[in-house]
J.: 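I am attaching a structure below and will ask some questions about it afterwards.
Counting convention: from 1, in listed order, for ligands and their atoms alike. The figures here come from the full heavy-atom set of this structure, side chains too, leaving out hydrogens, waters and symmetry mates.
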Amino acid sequence: MTNQPRTMPSTPDRPTLTLTQPDDWHLHLRSGEVLRHVLPYSTRHFGRAIVMPNLQPPVVTCADAAAYRAEINAALPAGSRFQPLMTLYMTEQTEPAEVQRGFESGEISAVKLYPAGATTNSAAGVTNLQNIYPVLATMQAIGMPLLVHGEVVDSEVDIFDREAVFIEKKLQPVRAHFPELNIVFEHITTRDGVEYVQSCDQYTAATITPHHLVINRNALLVGGIKPHYYCLPVAKRETHRLALVAAATSGDKRFFLGTDSAPHLDGAKESACGCAGIFNVANTLSIVTEVFEWAGALDQLEGFLALNGAAFYGLAPNPNKITLQRHKAPLALPEKLVLPAGEITPFDPQLDLHWQVV
Ligand code: NCD
Ligand code: ZN
């Protein structure tokens, strides 16, 4: 990071921070072997997570979500009270009645909108937003959040501009049509995204990932191409990263953590056509706490990690607490995960981390 840490207030030798247990408002858990290997990294720190539905095939019905929830629950470490919050994958065939039934029964927390072709497993997503207006009308009426992957897919739009163009061409028309629809603009990566959310009222919020708080596009492209820094939306210029840090640390309740932790086997990332996605939950809390410390905003950390997202989703904060302790020496990076099918590389934030969950 190019911004310098502010001086820490005078603290005891090993300062600690105790916070309400965090939630992860955007998480890819996958299924099968990968699910079983990555899930413990979420359950050891987080109380709940919004689980993304972009499996193959995608989670499109309440029955699909129930089966996926059962698979996650069966993979939970013994004694874990982690709660997966399930989502449906929006298609142009999604039925308003299915969405309403899922939300009102408590089985489904939100619906995820992927523009078709925008990212990993998004081929079944939406091309013409007007085709989902009946579903959005129902969601607005019942207060169900729409989670948006905010990038256009037009080949003539530069990949670094896709979020900004999405705001103007796609999000603003939806917002104008549905002024009281709860919208989470997922994993924002630009100053444009921050300013858009700030310009809205309480019906719009945004998740921010740990990686977009600490890397810019240089991490991906300088000194060789680094596939483990490739995710979508792709990391942008430093000015955008600084805008994300300012938003996350500002205390504005419309910004909260969504890790977008998205594991892929190394073979799929280190490839001539590598997959987008960064596996970061092994050190998310250390990274975010370090960023807030640098920004002189540790007093806003609990809001970003544990309060703002729950409030937006109309949920009570978790009853439990977690404690982070600051070590003098930098922490070691998390080890690679070794699966029968290959390895998964955890995110290396390229900066020293000192805060560890006790
Ligand atoms: C995600 C994935 O791998 O499922 N990848 C990513 O780069 N973030 C999909 C997504 O959230 O865009
Ligand atoms: Zn994602």
J.: For the 3.5 Å polar cut-off, considering only N or O atoms, please tell me whether K112 and ligand 1 meet it.
T.: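 No, there is no polar N/O contact under 3.5 Å.
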J.: Report the angle formed at the Zn ion (ligand 2) by atom OD1 of D260 and atom NE2 of H26, rounding to the nearest 10°.
T.: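 If I round to 10°, I get 90°.
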J.: Check V59 against Y68 and note the closest heavy-atom contact, atom names and distance.
T.: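 Heavy-atom minimum between the residues: CG2-CD2, 3.9 Å.
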J.: For a distance under 2.8 Å, tell me if H187 has an N/O/S atom near the Zn ion (ligand 2).
T.: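 Looking at H187, which is the residue asked about, there is no N, O or S atom under 2.8 Å from the Zn ion (ligand 2).
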J.: May I ask whether M52 places a heavy atom under 4.0 Å from ligand 1?
T.: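 Distance cut 4.0 Å: M52 fails for ligand 1.
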J.: Applying ring pair (Phe, Tyr, Trp, His ring centres under 6.0 Å) between H187 and each of H211, H212, H149, report the one that passes.
T.: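 The passing option is H149.
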J.: Quick one: look up the protein heavy atom nearest atom 9 (C) of ligand 1 and list residue, atom name and how far away it is.
T.: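 For atom 9 (C) of ligand 1, the nearest protein heavy atom comes out as T119 OG1, 3.3 Å.
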J.: Can you confirm, on distance only, whether ligand 1 has an N/O atom lying under 3.5 Å from any N/O atom belonging to Y230?
T.: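 Checking ligand 1 against Y230, no N or O pair falls under 3.5 Å apart.
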J.: Could you check whether R254 makes a cation-pi contact with F312, meaning its NZ or CZ is under 6.0 Å from the centre of the six-membered ring and within 45° of the ring axis?
T.: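 Output no; distance or angle outside limits.
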J.: Heavy-atom distances under 4.0 Å are what count here, so tell me which part of N54 touches ligand 1: side chain, backbone, both or neither.
T.: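 The part of N54 near ligand 1 is the side chain, not the backbone.
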J.: Starting from atom 8 (N) of ligand 1, find the nearest protein heavy-atom neighbour and note its residue, name and distance.
T.: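 Among all protein heavy atoms, the one nearest atom 8 (N) of ligand 1 is D260 OD2, 2.7 Å.
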J.: Please state which protein non-hydrogen atom is closest to atom 7 (O) of ligand 1 and give its distance, to 0.1 Å?
T.: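 Looking at atom 7 (O) of ligand 1, the protein heavy atom closest to it is L232 N, 2.7 Å.
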J.: How far is atom 5 (N) of ligand 1 from the closest protein heavy atom, and which atom is that?
T.: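 Of the protein heavy atoms, A276 O, 3.1 Å lies nearest.
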J.: Between Q325 and Q356, is any pair of side-chain heavy atoms under 4.5 Å apart?
T.: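 Q325 does not reach Q356 side chain to side chain.
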J.: I'd like to check K112 versus M90 (side-chain heavy atoms, cut-off strictly below 4.5 Å). Are they in contact?
T.: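 With C-beta onward as the side chain, the pair stays apart.
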J.: Please report whether ligand 1 has a polar contact with A262, defined as an N or O pair separated by less than 3.5 Å (distance criterion only).
T.: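 N/O-N/O distance below 3.5 Å does not exist for this pair.
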J.: So, for G47 and N318, which heavy atoms are closest and what is the spacing to 0.1 Å?
T.: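 Nearest heavy atoms, G47 then N318: CA-ND2, 3.8 Å.
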J.: Under 4.0 Å, heavy atoms only, figure out whether ligand 1 is touched by the backbone of E186, its side chain, both or neither.
T.: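 Contact part for E186 vs ligand 1: neither.
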J.: Just distances here: any N/O of C231 and N/O of ligand 1 closer than 3.5 Å?
T.: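 No.
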J.: Between P233 and K236, which heavy-atom pair has the shortest distance, and what is it?
T.: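 Smallest interatomic distance, heavy atoms only, reads CB-NZ, 3.7 Å.
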